There are 2 protein chains.
Amino acid sequence: MVNDPAPTEERILEAAKKVFHARGYAGARMQEIADEAGVNKALLHYYYRNKESLFHAVFEDAFSKLLVKMKEIFFSDRPLTEKVEQFVQYYVTFISNNSYLPLFVLNSLYERPEQFRALLERNTLSPLSILETIRQQVKSELNLDIDPLHLYINILSLSIFPVIAKPMIQNIFGYSDEHLDAFYAERRHTVPQFILNALKGYGIHQSK
Amino acid sequence: MVNDPAPTEERILEAAKKVFHARGYAGARMQEIADEAGVNKALLHYYYRNKESLFHAVFEDAFSKLLVKMKEIFFSDRPLTEKVEQFVQYYVTFISNNSYLPLFVLNSLYERPEQFRALLERNTLSPLSILETIRQQVKSELNLDIDPLHLYINILSLSIFPVIAKPMIQNIFGYSDEHLDAFYAERRHTVPQFILNALKGYGIHQSK
DNA sequence: GTCTATATCGGGATAGAC
DNA sequence: GTCTATCCCGATATAGAC
């Protein structure tokens, strides 16, 4: 049934996501996670051995959420220009609805890279081959003098950074949440336009 | 003299920067800061009342470092295209040499926005007027159909994100530190080229 | 101004009853 | 599986000698 109350283990994981995403590893409190899940602290240790392994589950979930759609889009058989449009539209929306995810992942990788070697190695092949896919399409479809790695990182930057910089933009420009959401909605088309315009520029003018 | 041993208060602040930048507020330990500064824990409280106010000093320093050069460049009387080039070149270099700064500032704003209201208000005017400067130059020099806020955020995204994503890029592509540094060095010219190419594209093709 | 010693508290983890 | 009670360490902060 749709409305089964979530089983305890799952409720704990959901609560842990919320708290870890908002506070990071060191800032998160097992007590707060327990309260959020509506259970006792001891239960967290029953299901997840300790804070570290609970965190690990949360990170794995976040990281794969960020990767899975990226792969799906870039491994489709659309032309590169369509992929760019699709990717930006999907990612800006998804991330602004889950605005803690990317910063959480970045911080985790800074603070505990060793922790995730195994996980990353399991996933390593795909981003590399995303890059290879882009390389081929740049050559075959566009025939432009642009480094595919720079292009790839540019696409990610333009999609992700404005969302993780949300509190900064909000504070500096005094934007309300609604303002910001409208801004992100605009970006779903201004960013692909910006990128495709740039690509056009490479066609006309070779790199110096 | 150049080689005066730094006075205690300053040594503490420097140590605090190092530790807070690397570990964030919750992850930082007063003991580690004391060790790093070569003094006793109690001295931290003598100079800075508590952890919170020490952190505040560190944040203020980081935040202003990120703003001051931005203002300097955007308030000069160069043409916009030159400003873009100057800004990217300066910022990519500066940030990759101080790679903890931007993430530290972003995290601080997420975790404790109320903490910095006053500080932000003191600085608020400038980024707004940076935006106004860009708006005028887009109109008078380029006469393009591009929203200056989007352009501004794009410039920041392309300059800052690749640096804060360093551990992710490094893990995913297996890049060494030297590899990455070379990549950032390339970006000092590929990014301005990308942006200027995009601007050229707006001239040719009106927004749909 | 700088140190040692200590108070105090909070948080992760475990024992054990139900 | 879930709870209460408790252990125990580590961390901020302060007292007070030098």
Side-chain angles (χ1 to χ4, degrees), chain A residues 1 3-62 100 104 107-108 110-112 114-116, chain B residues 1 3-61 104 107-108 110-112 114-116:
Chain A
M1 299 295 114
N3 265 2
D4 275 354
T8 308
E9 183 169 1
E10 203 174 307
R11 288 218 318 284
I12 291 176
L13 185 61
E14 287 307 311
K17 286 183 201 172
K18 204 162 169 178
V19 175
F20 278 127
H21 289 173
R23 307 205 187 281
Y25 180 79
R29 299 287 163 252
M30 296 296 267
Q31 185 61 60
E32 189 180 355
I33 296 174
D35 293 348
E36 185 71 36
V39 298
N40 190 278
K41 251 197 321 178
L43 261 198
L44 308 191
H45 290 89
Y46 176 79
Y47 284 103
Y48 299 85
R49 210 172 55 266
N50 51 31
K51 187 180 180 181
E52 192 61 46
S53 77
L54 179 52
F55 177 80
H56 200 277
V58 172
F59 176 84
E60 183 144 1
D61 178 88
Y100 288 118
F104 170 73
N107 282 322
S108 306
Y110 261 100
E111 288 165 19
R112 8 172 45 74
E114 38 348 302
Q115 205 78 35
F116 307 113
Chain B
M1 298 292 114
N3 265 3
D4 274 353
T8 308
E9 182 169 1
E10 202 174 309
R11 287 217 319 284
I12 292 175
L13 185 61
E14 288 306 312
K17 286 182 202 173
K18 205 162 169 179
V19 176
F20 278 127
H21 289 174
R23 306 204 188 282
Y25 180 81
R29 297 288 161 250
M30 296 295 267
Q31 185 61 60
E32 189 180 356
I33 296 173
D35 293 348
E36 185 71 37
V39 300
N40 189 277
K41 256 194 317 178
L43 261 196
L44 306 192
H45 290 90
Y46 176 79
Y47 283 104
Y48 299 86
R49 211 171 55 268
N50 51 30
K51 186 180 179 180
E52 193 60 47
S53 77
L54 179 52
F55 177 80
H56 200 278
V58 172
F59 176 85
E60 182 143 3
D61 178 89
F104 170 73
N107 282 322
S108 307
Y110 261 101
E111 287 165 21
R112 3 168 53 71
E114 44 340 307
Q115 203 78 33
F116 306 113

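Please read all numbers here as calculations on a predicted model, not as lab measurements. Labels below follow one simple rule: chain letters A, B, ... track the order of the sequence lines, proteins then strands, and each chain is numbered from 1.
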Return the minimal non-hydrogen interatomic distance between [X] and [Y], and the atom names on each side.
X       : Y       : answer
A/Ser53 : A/Arg49 : OG-N, 3.5 Å
B/Ile33 : B/Ile12 : CG2-O, 4.1 Å
A/Tyr25 : A/Lys51 : O-NZ, 3.0 Å
B/His45 : B/Asn50 : CD2-CA, 4.0 Å

Given atom [atom1] of [X] and atom [atom2] of [N], what is their separation to the nearest angstrom?
X       : N      : atom1 : atom2 : answer
B/Leu54 : D/dA11 : CG    : P     : 16 Å
A/Tyr48 : D/dT2  : OH    : P     : 12 Å
B/Ile12 : C/dG1  : CD1   : C1'   : 10 Å
A/Arg11 : D/dT2  : CZ    : C1'   : 11 Å
B/Lys51 : D/dT14 : NZ    : P     : 15 Å

Exercise. Can you name the side chain to side chain donor-acceptor pair (under 3.5 Å) partners of A/Asn40, sequence neighbours left out?
Worked result: none
Exercise. Should A/Tyr47 be listed as having a side-chain N or O under 4.0 Å from OP1 or OP2 of D/dT2?
Worked result: yes
Problem set entry | Sub-4.0 Å heavy-atom contacts from residues 25-45 of chain A onto DNA chain D, ordered by number |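 By residue number: A/Val39, A/Asn40, A/Ala42, A/Leu43.
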Ignoring hydrogens and angles, write down the donor-acceptor pairs under 3.5 Å from the side chains of residues 16-23 of chain B, residues two or more places apart or on other chains.
from, atom 1, to, atom 2, distance (Å)
B/Lys17, NZ, B/Glu14, OE2, 2.9
B/Lys18, NZ, B/Glu36, OE2, 2.8
B/His21, ND1, B/Lys17, O, 3.3
B/Arg23, NE, B/Glu32, OE1, 2.7
B/Arg23, NE, B/Glu32, OE2, 3.4
B/Arg23, NH2, B/Glu32, OE2, 3.2

